[in-house]
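Everything on this sheet refers to the single structure shown next.
Here the structure is a predicted model, which means the values were calculated and not measured. Chain letters run A, B, ... following the sequence lines, proteins first and then strands; every chain starts at 1.
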There are 2 protein chains.
Amino acid sequence: METVQETISKKLQPVPEPSVRRMPQYLHLVRSMREKGEVYVSAPAIARVLNLDPTQVVKDMAYTGVTGKTRVGFSTEELQFALEEFLGYNRKHEAFLVGAGFLGSALIQYQGFREAGMKIVAAFDTDKRKFGTDIQGVPVFSLEKFHDLASRLHISIGIITTPAGAAQPVADLMVAWGIKAIWNFAPVALRVPEQIIVQDTHIYANLAVIINKLGQQKNG
Amino acid sequence: METVQETISKKLQPVPEPSVRRMPQYLHLVRSMREKGEVYVSAPAIARVLNLDPTQVVKDMAYTGVTGKTRVGFSTEELQFALEEFLGYNRKHEAFLVGAGFLGSALIQYQGFREAGMKIVAAFDTDKRKFGTDIQGVPVFSLEKFHDLASRLHISIGIITTPAGAAQPVADLMVAWGIKAIWNFAPVALRVPEQIIVQDTHIYANLAVIINKLGQQKNG
DNA sequence: ATCTATTAAGGATATTTTTCTTTAAAAACT
DNA sequence: AGTTTTTAAAGAAAAATATCCTTAATAGAT
């Protein structure tokens, strides 16, 4: 049995980001296994399906607080709850999205996020034609209304899907009105105070990796 | 002046993936600097804008084959061409996209990719209502027509934007019909032969990182 | 013309993350 | 009941990456 102190210190030491990124995959797998009626799943079994090292799976599971049974594996039920708790699927984070273009609209319509702990409650744009419309029930406002709404609601996440040039001013706006985390899809490096969490999803970076590897294959 | 041998060996040793991922950012920055009329840019200047370590910038530039002038920096013109060459913006890679839902449509409409060396030439879906329609000029076909078209055209990249359950069969189809690289947006780990390049863009992984950090901040 | 400040480049160090190795435990089988 | 096999867990090693440090060069200032 570990002491309360140990439990707390374990929570305080941050989980490695690569591990965090694997968690949704584990959850997805565990859910589908439970649907098939599986009660236990071993780390090696998970590792085979997800192409990972078995010991890495065990370590990742330890971060969620779940511990397995020797020769049996992990309880799928316990795992699912632990992963959902870890990923914050129970808490609700509300988000504002700025830039209701193709990508922004797709994210709003993507749903899924809602069950993953984030709800996009409003979108903002500078295109007059979009004001007053809604995307799958999410209203689109003028960017000028941002401070109004942000100061009234408690929004923790801001999503930026604007063109590159608009991203920094939008980020400044978000910071000014109390947003704690920014999910940035624009291909720029945002400058924000250090306590603000920034997560970049640079779509071009992924494309660059693909094309680079394709070119390499041709040579080698 | 370096020998041809050296140039070749430099190309053969693979560029670290994190460096490749930074290249599009450099290109974007260099382009905007050239538009402003800047002829030279120093590595420390780039590092300041992109929040990077100056020496890292220098090292990344070396991968593109560009070398700077002491006390002056890099020629923006030379840099732009080198980066575009490195990123394959001159070659044309044609792509098929499977899963013409919200995300798939957004990617097709995103344009930008075309100038980044990839052109989405056709989309596929299983929804009958979408057959024969087109998205921004890109036709949507029945998935059954995939092998027909893939065998006639020379497609190097396959994009998967299907629901999780459909991703693996689609990947198998792509591999069977000669696609060399798969850009996977579905939240699953694909199993493909090792010579096939797979690039995952797991949107939930990024969300997981954000929510994890938000939760951590609350504790710490 | 000389000096100073700035910069690129190369090597060394440190950190992070993954993989490997060992140990211990417990379930299933004989 | 004892043995074997499978597994989790903890620690050590290895690999990859980023950061730091030193050196050399050169443009601009004095």
Between C1' of C:dG10 and OH of B:Tyr63, the distance in whole Å: 12 Å
Which comes earlier along DNA chain D counting from the 5' end, the contact point of B:Glu17 or that of A:Met61, where each point is its nearest nucleotide? A:Met61
Note: contacts of residues 71-79 of chain B with DNA chain C (heavy atom, under 4.0 Å) are B:Arg71, B:Gly73, B:Phe74
Looking at every strand, decide which applies to A:Thr67 at a 4.0 Å heavy-atom threshold: base, sugar-phosphate, or nothing. sugar-phosphate
Any side-chain donor-acceptor pair under 3.5 Å between A:Asn90 and A:Glu85? yes
Counting only side-chain N and O atoms of A:Arg21, is one of them less than 4.0 Å from OP1 or OP2 of C:dT17? no
Within residues 53-60 of chain A, find the residues that approach DNA chain C with a heavy atom at under 4.0 Å, and present them sorted by residue number. A:Asp53, A:Thr55, A:Gln56, A:Lys59
Kindly say whether B:Val15 contributes a backbone atom to a donor-acceptor pair with the side chain of B:Ser19 at under 3.5 angstrom? no
side-chain contact (heavy atoms from CB on, under 4.5 Å), paired with B:Ser156, selected from B:Arg91, B:Glu94, B:His93, B:Met118: B:His93
Whole-Å distance between C:dA9 P and B:Ile46 CD1? 12 Å
Between B:Phe102 and A:Tyr110 (judged by ring centroids, cut-off 6.0 Å), do the two rings come close enough to count as a pair? no
Output, in order, the C-alpha distance, side-chain angles, deciding distance and verdict of side-chain contact (heavy atoms from CB on, under 4.5 Å) for A:Val209 and B:Arg21. CA-CA 7 Å; A:Val209 172; B:Arg21 299 182 69 86; 3.7 Å; yes
Give the intermediate values and the outcome of ring-ring contact (aromatic ring centres under 6.0 Å, His included) for residues B:Phe86 and B:Tyr63. CA-CA 9 Å; B:Phe86 180 92; B:Tyr63 288 124; 7.8 Å; no
So if I take every side-chain heavy atom of A:Ala43 and compare against C:dA9, D:dA8, C:dA8, which nucleotide ends up nearest? D:dA8
Between A:Lys69 and A:Arg22, which residue's closest nucleotide on DNA chain C lies nearer the 5′ terminus? A:Arg22
So, applying salt bridge (charged side-chain N to carboxylate O under 4.0 Å, His left out) with A:Arg31, which one of A:Glu115, A:Glu77, A:Glu38 is it? A:Glu115
Scan side-chain atoms only and decide if A:Asp60 and A:Gln56 contain a donor-acceptor pair under the 3.5 Å cut-off. no
